[in-house]
Amino acid sequence: MAIVSIFFGIICFALAFFAVFLRIIRRSSWLKRSLHAYIYDEFKLGASLDKAVAAGKKKLLAEVRPYGKILDCGSANGMSLKYLASIPAVREIICLEPNDKYIPELQERVKALKSDAKIKIAHSTLQKYLYDNVELVGTFDAVVCFHSLSCLPETKAMGKLIQVALKKNGKLIFLEPTLASKNGWTRFLQRLLRIPIVLITGYDVGGDIIHDLSKLGWKSMKTERFTATKDAPSLFRPQVMGYCVAAVSKGGLR
């Protein structure tokens, strides 16, 4: 009986400690940025996710065939740059990354890339970047979000900013983890562990990207669900990719 009580006490203490830890992370933006970058780099989450969805990225880009000026929104350490920089029709890439922890490695990747495209790095959020560079509003041929929309607390707000950045008929190209389409253990655990996973890794695996984007009045939208390879953690394997075409350039910030 004493052993059971001790075991139960340890479990309660561990849960209480974990709850306090999550609360601290939620309140500290610095700690959150540091933890997300550490998990992404040191635990190889970024590399494993990139490997797990590489075929999806290549298929999507081959179908959409982006060109001109591209905004890579949420570049992190530049893991996806190799896909964009290898497309001949892409002449300029702006790598937008708000987390300062990723910037040094992103700079190294940009230096190492061999591409005809002009590549720049902007350490900023999309909203601040557009306010600071008003002349770039409505000038992008495409905005690329590979595993970045799912890291945001408000997908719809981000979608509206992306529409501001795009030209008429410009495209939002995205590939993101999403809520499993069928009821089962994966969907159940994605919902149950949604908040801890968001706080620790930065990814919202329990969100519904398709639903959020569909409410923004795009000219057209095409999506496709797929399952990432086993290189990704099981709760990250349900994925969605696709593109949205901007009806008109918004022409200004609200």
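Values in this document were obtained by computation on a predicted structure and should not be read as measured data.
A distance-only check finds no donor-acceptor pair linking the side chain of Q239 to the backbone of G56 [under 3.5 Å]. Checked by atom type and distance alone, the side chain of E224 never pairs as donor or acceptor with a backbone atom of M241 at under 3.5 Å. In this structure a side-chain-to-backbone donor-acceptor pair under 3.5 Å is missing from R237 to T227. In this structure a side-chain-to-backbone donor-acceptor pair under 3.5 Å is present from E176 to S148. The backbone N or O of Y129 lies less than 3.5 Å from a partner atom in the side chain of S124, making a donor-acceptor pair. Using modelled atom types, one side-chain atom of S86 and one backbone atom of Y83 make a donor-acceptor pair closer than 3.5 Å.
The distance from atom CG of D212 to atom CD of E154, rounded to the nearest 0.5 Å, is 7.0 Å. Rounding to the nearest 0.5 Å places CG of L199 at 10.5 Å from CG of D204. Note that the CG atom of L106 and the CG atom of D100 stand 12.0 Å from one another [nearest 0.5 Å]. Atom NZ of K82 and atom OG of S115 lie 14.0 Å apart (nearest 0.5 Å). Here the CG atom belonging to L136 is positioned 7.0 Å from the CD1 atom belonging to I94, to the nearest 0.5 angstrom. Between atom CG of residue L84 and atom CD1 of residue I70 there is a gap of 7.0 Å, rounded to the nearest 0.5 Å.
Looking only at side-chain heavy atoms (C-beta outward), Y203 and Y40 come within less than 4.5 Å of each other. In this structure, the side chains of E92 and K120 come closer than 4.5 Å at one or more pairs of heavy atoms.
Evaluation of the ring-ring contact (aromatic ring centres under 6.0 Å, His included) rule for F146 yields no partner, not counting sequence neighbours.
Shown here is R225, whose CZ atom has more than 12 heavy atoms of other residues, nucleotides or ligands within 6.0 Å.
Comment: K59 does not engage E63 in a salt bridge, judged by the lack of any side-chain N to carboxylate O separation of less than 4.0 angstrom.
Hydrophobic clustering of Ile, Leu, Val, Met, Phe, Trp and Tyr side chains at less than 4.5 Å, counting indirect connections, keeps L71 apart from I103.
Figure legend: K69 and F140 shown as a cation-pi pair, the cationic atom lying under 6.0 angstrom from the six-membered ring centre and within 45 degrees of its axis.
Counting only residues at least two apart or in different chains, salt bridge (Lys or Arg N to Asp or Glu O under 4.0 Å) contacts with residues 129-151 comprise K128-D132, D141-K167.
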